[in-house]
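Taking it in order: structure first as structure tokens, then the write-up.
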2 protein chains.
Amino acid sequence: MSRSTGRRLGRAGIRDVAAAAGVSITTVSDALNGKGRLPDATRSHVREVADRLGYRPSAAARTLRTGKSGLLGLTVTTYGDEPFTFTEFAYFAEMARAATSAALARGYALVILPATSRHDVWSNVALDGTVVIDPADGDPVVTELVRHGIPVVSDGRPGGALPVTGWVDNDHEAAVLGLLDHLADAGARRIGLLTGNTTDTYTRLSTTAYLHWCERVGQDPVYESYPAHDPCAGAVAADRLLARPDRPDAVYGLFDPNGTDLLAAARRYGLRVPEDLLLVCCSESTLYAATEPPVTTLSLKPRRIGTAVVQILIDAIEGLDTGRPIEQVIPTDLIIRASSQRRSPRTTVSPPRAPTGD
Amino acid sequence: MSRSTGRRLGRAGIRDVAAAAGVSITTVSDALNGKGRLPDATRSHVREVADRLGYRPSAAARTLRTGKSGLLGLTVTTYGDEPFTFTEFAYFAEMARAATSAALARGYALVILPATSRHDVWSNVALDGTVVIDPADGDPVVTELVRHGIPVVSDGRPGGALPVTGWVDNDHEAAVLGLLDHLADAGARRIGLLTGNTTDTYTRLSTTAYLHWCERVGQDPVYESYPAHDPCAGAVAADRLLARPDRPDAVYGLFDPNGTDLLAAARRYGLRVPEDLLLVCCSESTLYAATEPPVTTLSLKPRRIGTAVVQILIDAIEGLDTGRPIEQVIPTDLIIRASSQRRSPRTTVSPPRAPTGD
DNA sequence: CCGCCATGCAGAAACGTGTCTTTCCGAAGC
DNA sequence: GCTTCGGAAAGACACGTTTCTGCATGGCGG
């Protein structure tokens with residue numbers, strides 16, 4: 001049987017369009033992609049025939065020929081033993097959502113992939129580039145990707161001289177320092193920290209910033225750490241922190257659920273917030289606007305980060321890069337609510353200060 | 001230049017492996033895929049050479065040849081004007097996470113795609129199948145996908161005779177009826193509903209189940225609806241519901257943030273929970289375990305749904321289907337906490353030394 | 001001793017597209 | 001009048017893999 005009649009079942013190919021329009025394959029390709037020198041009459045004719053046949057170019061064939069798939073990987077490193085922490089917290093959900101929207105707007109789609117170095121999964125999909133969330137130092141997946149010539153942009157400043165194309169991150173040190181200053185301004189004398197025992201960049205930078213701040217103001221560090229992937233462990237660690245003999249009068253929690261964990265622990269110990277205990281936690285959840293009391297949160301602006309990461313990555317893919325790594329720092333946002341304001345609203349006080357930090 | 005020496009830059013191809021191993025292309029392909037009849041010596045030799053060269057088969061070429069890409073689409077329909085509601089609520093995050101894990105375990109990856117019928121995005125990626133979350137009646141994207149022979153499995157029972165391969169859903173009617181019975185058992189005399197004004201299946205089924213229950217027990221329906229995509233509107237609607245002259249003494253909120261919305265509204269009206277107002281909301285967030293008071297939540301088991309959807313879809317793709325649509329109902333889980341139990345567990349605060357709750 | 005089958009492997013045809021090169025043809029220039 | 005030039009479209013190849021077909025060899029039964 002001839003090749004033009006053999007494909008009765010299945011989708012229409014470019015050959016079918018060419019035959020139906022009475023032109024060659026080249027003309028069809030050029031007409032649909034706007035590439036060659038064709039009169040407008042031919043262009044519209046071919047397009048009309050293609051539409052009538054319901055023709056959709058094969059993504060696989062196009063990818064094979066052009067080398068561009070229009071797919072970006074989105075990976076998340078694992079915390080501890082958990083196999084997969086995608087959208088473990090609201091941060092990831094928001095960031096992934098923004099990244100997906102930004103990619104879609106430029107004609108790309110996102111593929112969710114694990115950060116493990118399972119070859120079979122990674123090699124089964126043709127990637128134009130990859131977004132890596134919080135890569136570990138010397139991440140083998142990242143090095144292998146760049147060795148294959150795939151651009152990698154990371155959310156989180158990479159450590160260990162990772163050869164990424166670029167990165168986007170918050171200034172975690174400045175955020176923690178500003179937040180601690182805010183608590184001190186509100187009257188905190190001893191600020192505690194609820195942190196993780198993992199080695200990821202966010203946890204490490206935030207913790208060292210806390211230690212530096214303590215050193216600067218001459219306060220003994222008071223902190224508890226726990227495996228961040230275990231939600232129950234957070235509640236226990238919050239309890240431990242408030243059970244210490246050197247109980248802090250203000251606490252910053254690094255992870256999303258810490259706000260409710262600390263509120264619950266404070267209730268168990270009969271501590272009033274904010275009268276007896278000032279509270280701030282890092283979270284993207286709007287639920288903290290409606291808790292009792294509302295909790296001051298530090299937002300890492302995941303939407304801006306997700307958008308920026310994708311823009312940098314696509315710029316690099318499409319050859320708009322400047323040759324050197326592109327680095328971008330997104331400012332954080334401290335959303336001040338009742339839990340970190342010592343003065344009760346009943347007493348007449350000076351109007352609340354403008355939220356413009358240093 | 002010959003074809004074997006021309007590709008110096010770029011990844012190693014199967015030809016390079018064949019040349020380096022001193023065998024033919026066929027032998028390399030068979031050895032790596034475990035297909036042909038080869039002695040184990042040749043197999044291991046080829047594999048060793050391929051590893052040494054860092055050979056990764058081209059996903060695009062394999063997809064073109066075999067017709068299988070190993071990619072599954074994951075789409076979310078839009079609510080109202082919002083362009084993209086992926087992981088708008090914790091439900092989507094959990095469901096997407098479970099679906100991703102389940103797909104990965106069977107060698108597939110998930111591509112996040114918008115539910116709009118933008119051709120250019122959909123046709124730029126070769127899909128083996130698609131998961132559609134809560135499709136609208138007669139969804140054009142779904143019909144076009146099945147017309148192209150791509151299996152579609154939906155999260156949420158499809159309406160409008162949508163030709164999906166299968167679907168997974170909760171028994172929303174039974175869940176709402178059981179939950180309302182639970183509230184009535186706890187002493188509720190007039191149960192209100194906080195619902196959405198969208199036409200998606202979840203909202204519609206839950207609301208009609210509520211109305212049926214009211215009819216059965218002879219209670220006048222008391223409900224407020226609002227656009228579920230707008231977080232501020234939820235707080236306003238919660239306020240409206242509690243401001244009514246026929247104020248309910250128990251409320252069920254259909255959406256994730258309704259719990260804190262209703263708690264805040266109750267505080268504004270001086271209503272104690274659960275003494276004056278019983279509360280249940282549908283949510284997957286663990287934050288409700290630590291609110292004041294903890295809120296009873298209805299979990300739709302998104303992890304089980306995400307896993308089941310992917311299993312059904314991959315079974316259909318790999319030809320394990322039975323010919324008829326596969327339908328699966330996942331039971332819901334009512335997590336009973338203090339907000340829906342009229343008796344207060346204790347009037348004094350329990351000693352702080354035992355962090356093990358309940 | 002001949003034919004046959006099982007084994008081990010190579011050659012080559014696809015998969016469907018993009019694009020380089022070539023061909024054709026009419027019109028303009030010397 | 002012949003060449004050249006440029007526009008329009010066709011031919012052919014390549015992308016890298018899978019897989020069908022087929023060739024050679026050696027062991028075995030008849």
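The sequence lines fix the lettering, A, B, ..., with proteins before strands; numbering per chain opens at 1. Predicted model, so just to flag it, every value in this text is computed and none were measured.
Counting heavy atoms from C-beta on, the side chains of A:Asn33 and A:Arg62 come closer than 4.5 Å. Between A:Val23 and A:Val49, the closest side-chain pair of non-hydrogen atoms is not below 4.5 Å. Side-chain contact between B:Leu162 and B:Val152 is absent, with no heavy-atom pair separated by less than 4.5 Å.
When the side-chain nitrogen and oxygen atoms of B:Ser58 are compared with OP1 and OP2 of D:dG16, none of them lie within a distance under 4.0 Å.
Following rounding to the nearest Å, A:Leu64 (CG) and D:dT17 (C1') show an atom-to-atom distance of 8 Å. Distance, B:Arg15 CZ to C:dA12 C1': 14 Å, rounded to whole Å. Look at CG on B:Asp40: it is 13 Å from P on C:dT7, rounded to the nearest Å. For B:Asp16 and D:dC15, the CG to C1' distance is 14 Å, given to the nearest whole Å.
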Could you pull out the protein-nucleic contacts involving nucleotides 18-22 of chain C (nitrogen or oxygen on both sides, under 3.5 Å)?
| from | atom 1 | to | atom 2 | distance (Å) |
| --- | --- | --- | --- | --- |
| C:dG18 | OP1 | A:Asn33 | ND2 | 3.2 |
| C:dG18 | OP1 | A:Arg62 | NE | 3.0 |
| C:dG18 | OP1 | A:Arg62 | NH2 | 3.1 |
| C:dG18 | OP2 | A:Ser29 | OG | 3.1 |
| C:dG18 | N2 | A:Arg65 | NH1 | 2.3 |
| C:dG18 | N3 | A:Arg65 | NH1 | 2.5 |
| C:dT19 | OP2 | A:Lys35 | NZ | 2.6 |
| C:dT19 | O4 | A:Thr26 | OG1 | 3.3 |

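Nucleic acid contact class of B:Thr63 (heavy atoms, under 4.0 Å, all strands): none.
With sequence neighbours left out, the salt bridge (charged side-chain N to carboxylate O under 4.0 Å, His left out) criterion links B:Arg303 to B:Glu94.
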**Request:** Please test A:Tyr108 against A:Leu313 for side-chain contact (heavy atoms from CB on, under 4.5 Å), starting from the C-alpha separation and ending with a verdict.
**Result:** CA-CA 11 Å; A:Tyr108 290 76; A:Leu313 182 57; over 6 Å; no
**Item:** Intermediate values then yes/no, side-chain contact (heavy atoms from CB on, under 4.5 Å), A:Arg56 and B:Glu144
**Value:** CA-CA 11 Å; A:Arg56 298 269 175 279; B:Glu144 184 164 358; 2.9 Å; yes
